[in-house]
Amino acid sequence: MTERLKQFREIGKKVVAVCRNYKGLTAAQGIPNPKTPSLFAKPTTAYITEGQSIRIPEGCNLLYHEVELGVVINQNCSNVAVSDVDDYIGGFVLALDMTAKDFHNEAKANSRPWFLSKGFDTSCPVSDFIKKEKVPNYQDVRLWLKVDGVIKQDDSTSDMIFSVPEVISYISKYITLEEGDVVLTGTPDGQGPVTEGQIMEAGLADIVSMKFSVAK
Ligand SMILES: CC(=O)CC(=O)C(=O)O
Ligand SMILES: [Mg+2]
């Protein structure tokens with residue numbers, strides 16, 4: 001692994017995210033499973049690490065948590081076959097795709113882009129870098145999140161609609177992924193609101209856990 005990859009947060013490479021990628025989530029929402037991965041992006045300024053707080057964006061009255069597996073890319077990745085994707089995975093992070101849900105709902109209702117609702121400063125808290133060897137079965141690993149000690153999200157990555165290799169291969173047909181980029185692979189069912197003063201604790205099985213507080 002190169003020094004650049006170890007330091008991916010300092011380099012601040014792009015975040016490409018998939019939405020509605022868990023069967024449990026689409027079932028709970030009563031919507032059909034997407035036919036292809038549905039993508040959006042976050043700016044590098046969205047990243048924070050433990051010790052920093054999530055800041056509720058001005059005017060937002062409904063902030064949602066989404067716990068997700070983030071995949072860290074280890075080299076330029078363009079037009080990669082599903083069967084070759086493992087060669088491009090440098091490791092993982094546990095991530096929160098924080099969403100200003102009221103901004104998001106309003107943008108959707110008015111057929112406007114929802115970049116702001118997903119891309120505001122502090123909207124992408126991430127754990128320390130997790131070495132690839134620590135998650136040998138990344139296609140079946142438990143993701144969980146508690147708010148003030150109460151479990152809200154708890155599922156396995158095996159519930160994904162499009163697997164990690166399928167997601168990365170699909171993205172790479174259209175967008176070149178670069179070393180240090182992070183792919184957020186979607187959130188399981190149970191995403192929901194958090195308010196000022198609340199503490200979220202999230203984990204990837206017993207491999208890593210992290211805590212973030214919510215501030216005004
Ligand atoms: C539209 C969403 O907030 C869905 C999303 O990001 C997801 O992970 O699912
Ligand atoms: Mg998400």
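Just follow the structure's listing: the first ligand is 1, and inside any ligand the first atom is 1. Throughout, numbering of the chain's residues begins at 1 and tracks the sequence.
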(request) Tell me, with the steps shown, if Cys60 and Phe120 meet side chain to side chain contact (heavy atoms under 4.5 Å, CB included). (result) CA-CA 11 Å; Cys60 170; Phe120 60 89; over 6 Å; no
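Heavy-atom proximity to Gly186, at under 4.0 Å, picks out these atoms of ligand 1: 8 (O). Ligand-side atoms of ligand 1 in range of Asp97: 6 (O), range being under 4.0 angstrom from any heavy atom. Listed by atom number, the atoms of ligand 1 under 4.0 Å from Cys19 heavy atoms are 4 (C), 5 (C), 6 (O), 7 (C), 9 (O). Residue Leu25 has at least one heavy-atom neighbour below 4.0 Å for each of these atoms of ligand 1: 9 (O).
Arg142 and Asp154 are joined by a salt bridge, as a carboxylate oxygen and a charged side-chain nitrogen come within less than 4.0 angstrom of each other.
Taking the six-membered ring for Trp, Phe40 and Trp114 have ring centres closer than 6.0 Å. Taking the centre of each ring, Phe162 and Tyr170 stay at or above the 6.0 Å mark.
Contact between Val18 and ligand 1 is present, with at least one heavy atom of the residue lying under 4.0 Å from the ligand. For the pair Phe40 and ligand 1, a heavy-atom separation below 4.0 Å is found. Under the 4.0 angstrom criterion for non-hydrogen atoms, His104 is in contact with ligand 1.
Close N/O approach between Glu68 and ligand 1 is found [any backbone or side-chain N/O within under 3.5 Å]. Residue Thr99 has no nitrogen or oxygen atom sitting less than 3.5 Å from a nitrogen or oxygen atom of ligand 1, judged on distance alone. The distance criterion of under 3.5 Å between nitrogen or oxygen atoms is met by Lys118 with respect to ligand 1.
Atom NZ of Lys101 has more than 12 neighbouring heavy atoms from other residues, nucleotides or ligands inside a 6.0 Å radius.
Here the heavy atom of the protein found nearest to atom 7 (C) of ligand 1 is Glu66 OE1, 3.4 Å. For atom 9 (O) of ligand 1, the closest heavy atom belonging to the protein is Arg20 N, 2.7 Å.
Proximity of Leu143 to Tyr22: side-chain heavy atoms (C-beta onward) are separated by under 4.5 Å at one or more points. Using a 4.5 Å cut-off on side-chain heavy atoms (C-beta onward), Asp189 and Asp155 make no contact. Between Thr185 and Thr157, the closest side-chain pair of non-hydrogen atoms is not below 4.5 Å.
Between Asn76 and Glu178, the side chains place no donor N or O within less than 3.5 Å of an acceptor N or O (distance only, hydrogens not considered). For the 3.5 Å distance criterion, the side chains of Tyr64 and Asp102 fail to qualify, holding no donor opposite an acceptor. Between Gln139 and Ser158, the side chains place no donor N or O within less than 3.5 Å of an acceptor N or O (distance only, hydrogens not considered).
Less than 2.8 Å away from the Mg ion (ligand 2), the protein contributes these N/O/S atoms: Glu66 OE1, Glu68 OE2, Asp97 OD2.
Taking the salt bridge (charged side-chain N to carboxylate O under 4.0 Å, His left out) definition, one finds that Lys42 meets it with Asp97, sequence neighbours left out.
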